[in-house]
Chemist: 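Quick one: structure below, then a few questions.
First listed ligand is number 1; within each ligand, the first listed atom is number 1. We're numbering straight along the sequence, starting at 1.
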Amino acid sequence: MHLNLGLLNKLNTLTLRNLYWQMSRRLAAITGIQGYVPDYVLTNAELEKMVDTNDEWITTRTGIKERRILKEPGKAASDMGKIIVEKLLKKTSTNPDDVELVIFATVTGDMVFPDTANIVCDKVGIKNAFAFDIRAACSGFLFALTTGAKFIEAGTHKKVIVIGCDMMSSIIDYTDRATCIIFGDGGGAVLLEPCEDGTGIIDSEFHGDGSGAKYLHMKAGGSLKPASLETVTAKEHYVYQEGKAVFKSAINGMVDTIKKVCKNNNLQLEDIDWLVPHQANIRIINGVADALGFDINKVMINIQKYGNTTSGTLPLCLWEWEPKLKKGDNIILTAFGGGFTWGSTYLKWSL
Ligand code: UT7
């Protein structure tokens, strides 16, 4: 009896401690959001003139009507990053000298190295930050967001910028109808700062599975197959995708991690104000909502305008929906992509 009471007391103390920790936990809040897409609009009609496709196929199979392309010669991912970060700093009245960390999620960095985050810092005049890239394909922004949040939660950093942006047009073969109709250029960034009012990035559920690499990758340009005349002639510096295999895993991966993150945080589906899915295919987005039984009107969808911008889709959605978001809104971000990489993040909107 004495032992059981002791155990009970101990459990209660632990539960209380856990509760106290959750309540007093310093979270990383999104205190600014900015997006950007280049001006050039590549329509389905224009693609019809480039490859054997048609608007009807693209619309019904993917939901995409148009995508943006960075056309100016000599421009790269860092140029989009520069525009995004400059606007973000202005919008949040942030002094570049106060930014301590910049993380850039992208698979289309300016060069193999150095990391594009450093180039963006230089272009913007951020001098006191350390900076690095995260290359997790379509899950890149989610992984980068949680990584940035951890520096805030640890108490070591107070202003972190997380960018998710891709110039997919630089790695797409515009003679391959299976891929060129899907991808576009653009992205966005958030400013993360400490917050103790219970809003911010609360929890994430992430996964990876390298056995999926065979379905979605770029064959050459890495250490396995360095660039050569042969690799360029064989068009191995473009995206290779076996769409059907990716499609099937994408729905399951997103649904499973949304359910897990809900369970871990005692969230019912009706508690979620917005679901923000990676924009890869409207049928995948609908499939996720259907599998969960989630109201499609609370799902952010802009794939029709921008296509799949890889690391850029999630910040682009948050940026577009910002006027509709209210402080305290429960938001779940979810993504699946090359790697395979996938996961979901739960946050309470702070603005
Ligand atoms: O964000 C990173 C993660 N990526 C994804 O989540 C992408 C997941 N996959 C997909 O979104 C879809 O698989 C695609 C949109 C890529 C392709 O759609 P699908 O319904 O899986 O089509 P499919 O590849 O099975 O092709 C069906 C047919 C084929 O013709 P046959 O063999 O049935 O005669 C293709 O050749 O459609 C043909 N096809 C096209 N027809 C007109 C493929 N692309 C096109 C096209 N226009 N652009």
Chemist: Measure the distance from atom 5 (C) of ligand 1 to every protein heavy atom, then report the residue, atom name and distance (to 0.1 Å) of the closest one.
Modeler: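 Going by distance alone, atom 5 (C) of ligand 1 is nearest to Val246 CG1, 3.6 Å.
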Chemist: Name the one of Phe206, Trp342, Phe104 that satisfies ring-ring contact (aromatic ring centres under 6.0 Å, His included) with Phe143?
Modeler: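 Single pass found, and it is Phe206.
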Chemist: Counting heavy atoms only, which part of Thr310 comes closer than 4.0 Å to ligand 1: side chain, backbone, both or neither?
Modeler: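 The answer is neither.
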Chemist: Determine whether the aromatic ring centres of residues Phe151 and Phe130 are separated by less than 6.0 angstrom.
Modeler: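 Yes, the ring of Phe130 comes within the 6.0 Å limit of the ring of Phe151, centre to centre.
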Chemist: Is any heavy atom of the protein nearer than 4.0 Å to atom 44 (N) of ligand 1?
Modeler: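 So far as the 4.0 Å threshold goes, atom 44 (N) of ligand 1 is in reach of a protein heavy atom.
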Chemist: Can Asn302 and Glu320 be said to form a side chain to side chain donor-acceptor pair (under 3.5 Å), step by step?
Modeler: CA-CA 9 Å; Asn302 60 12; Glu320 268 205 89; 2.8 Å; yes
Chemist: Give me the nearest non-hydrogen protein atom to atom 21 (O) of ligand 1 as residue plus atom name, then the distance to 0.1 Å.
Modeler: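 Minimum-distance protein heavy atom for atom 21 (O) of ligand 1 reads Lys244 NZ, 3.2 Å.
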Chemist: Would you please test Glu100 and Lys159 for salt bridge (Lys or Arg N to Asp or Glu O under 4.0 Å) and show each step?
Modeler: CA-CA 6 Å; Glu100 299 162 298; Lys159 285 190 195 294; over 6 Å; no
Chemist: When you check the gap from the basic side-chain N to the acidic O, do Lys158 and Asp98 get nearer than 4.0 Å?
Modeler: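 No, Lys158 and Asp98 are not salt-bridged.
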Chemist: Can you name the atoms of ligand 1, numbered from 1 with element, that are less than 4.0 Å from a heavy atom of Arg61?
Modeler: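 Counting atoms of ligand 1 from 1, those under 4.0 Å from Arg61 are 20 (O).
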Chemist: Provide the number and element of each atom of ligand 1 under 4.0 Å from a heavy atom of Arg283.
Modeler: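 Here the atoms of ligand 1 in question are 18 (O), 19 (P), 20 (O).
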Chemist: Has Glu153 got a side-chain atom pairing as donor or acceptor with Gly148's backbone, closer than 3.5 angstrom?
Modeler: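 Flag not set: sc Glu153 to bb Gly148 has no pair under 3.5 Å.
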Chemist: Within the 4.0 Å heavy-atom shell around Cys138, which atoms of ligand 1 are there?
Modeler: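 Answer for ligand 1: 1 (O), 2 (C).
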Chemist: Is the closest basic N to carboxylate O distance between Asp173 and Lys235 below 4.0 Å?
Modeler: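 Yes, charged N to carboxylate O under 4.0 Å.
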Chemist: Between Asp52 and Arg177, does at least one N-O distance fall below 4.0 Å, as a salt bridge requires?
Modeler: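 Yes.
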Chemist: Could you tell me the residue and atom name of the protein heavy atom closest to atom 7 (C) of ligand 1, and the distance to it rounded to 0.1 Å?
Modeler: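 Scanning the protein heavy atoms, the shortest distance from atom 7 (C) of ligand 1 goes to Gln241 OE1, 3.6 Å.
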Chemist: Regarding atom 12 (C) of ligand 1: of the candidates Asp52, Asn281, Ile251, which has the closest heavy atom?
Modeler: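 The nearest heavy atom belongs to Asn281.
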Chemist: Below 4.0 Å, non-hydrogen atoms only: which portion of Thr53 touches ligand 1? Side chain, backbone, both or neither.
Modeler: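 Thr53 to ligand 1: contacts from backbone and side chain alike.
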Chemist: Charged N to carboxylate O below 4.0 Å: is that the case for Arg26 and Glu193?
Modeler: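 No, no charged N to carboxylate O under 4.0 Å.
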Chemist: So, using side chain to side chain contact (heavy atoms under 4.5 Å, CB included) as the criterion, who are the partners of Lys324 when residues are at least two apart?
Modeler: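 Counting only residues at least two positions away or on another chain, Lys324 forms a side chain to side chain contact (heavy atoms under 4.5 Å, CB included) with Trp274, Trp321.
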Chemist: Could you list which atoms of ligand 1 come closer than 4.0 Å to a heavy atom of Ile284?
Modeler: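 What qualifies from ligand 1 is 6 (O), 8 (C).
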Chemist: Would you check the N or O atoms of Gly243, main chain and side chain alike, for any that come under 3.5 Å of an N or O of ligand 1?
Modeler: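 For ligand 1, there is an N or O atom that lies under 3.5 Å from one belonging to Gly243.
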Chemist: Does atom 18 (O) of ligand 1 have any protein heavy atom closer than 4.0 Å?
Modeler: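 It does: a protein heavy atom is found less than 4.0 Å away from atom 18 (O) of ligand 1.
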Chemist: Does only the side chain of Val51 get under 4.0 Å from ligand 1, or the backbone, or both, or neither? Count heavy atoms.
Modeler: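 Under 4.0 Å from ligand 1, Val51 contributes no heavy atoms.
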Chemist: Would you mind telling me if ligand 1 is within reach of the side chain of Trp57, the backbone, both or neither, using heavy atoms under 4.0 Å?
Modeler: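 Contact part for Trp57 vs ligand 1: side chain (C-beta onward).
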Chemist: Should one rank Glu48, Gln279, Arg177 by closest heavy-atom distance to atom 35 (C) of ligand 1, which comes out on top?
Modeler: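 Answer by nearest heavy atom: Arg177.
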Chemist: Near Thr62, which atoms of ligand 1 are under 4.0 Å from a heavy atom of that residue?
Modeler: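 Taking each heavy atom of Thr62 in turn, ligand 1 has 15 (C) under 4.0 Å.
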Chemist: Any carboxylate oxygen within less than 4.0 angstrom of a Lys/Arg side-chain nitrogen, looking at Lys305 and Glu66?
Modeler: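 So Lys305 does not pair with Glu66 through a salt bridge.
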Chemist: My question is simple, although I want it checked carefully: is atom 32 (O) of ligand 1 less than 4.0 angstrom from any protein heavy atom?
Modeler: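 False for atom 32 (O) of ligand 1.
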Chemist: Establish whether atom 29 (C) of ligand 1 and some protein heavy atom are separated by less than 4.0 angstrom.
Modeler: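 Under the 4.0 Å cut-off, atom 29 (C) of ligand 1 has no protein heavy-atom neighbours at all.
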Chemist: Any protein heavy atom sitting closer than 4.0 Å to atom 24 (O) of ligand 1?
Modeler: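 Flag for atom 24 (O) of ligand 1 set to false, no protein heavy atom closer than 4.0 Å.
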Chemist: Checking the side chain of Asn308 only, and the main-chain atoms of Phe183 only, is there a donor and an acceptor separated by less than 3.5 Å?
Modeler: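 No.
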Chemist: Is it the case that one hydrophobic cluster holds both Val190 and Val276, taking links as side-chain heavy atoms less than 4.5 Å apart, direct or via other members?
Modeler: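 In one cluster with Val190: Val276, yes.
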Chemist: Starting from atom 1 (O) of ligand 1, locate the nearest protein heavy atom and write down its residue, its atom name and how far away it is, to 0.1 Å.
Modeler: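 Nearest neighbour among protein heavy atoms for atom 1 (O) of ligand 1, to 0.1 Å: Asn308 ND2, 2.6 Å.
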Chemist: What atoms in ligand 1 come closer than 4.0 Å to a heavy atom of Ile182?
Modeler: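 Result: 16 (C).
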Chemist: Without placing hydrogens or testing angles, list every side-chain donor-acceptor pair under 3.5 Å for residues 77-89, not counting sequence neighbours.
Modeler:
residue	atom	partner	partner atom	Å
Ser78	OG	Asp110	OD2	2.5
Ser78	OG	Lys123	NZ	2.8
Asp79	OD1	Lys123	NZ	3.0
Asp79	OD2	Ala76	N	2.7
Lys82	NZ	Glu86	OE1	3.4
Lys82	NZ	Glu86	OE2	3.2

Chemist: As an exercise, identify every atom of ligand 1 less than 4.0 angstrom from a heavy atom of Ala280.
Modeler: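 Contacts of ligand 1 toward Ala280, numbered from 1: 1 (O), 5 (C), 6 (O).
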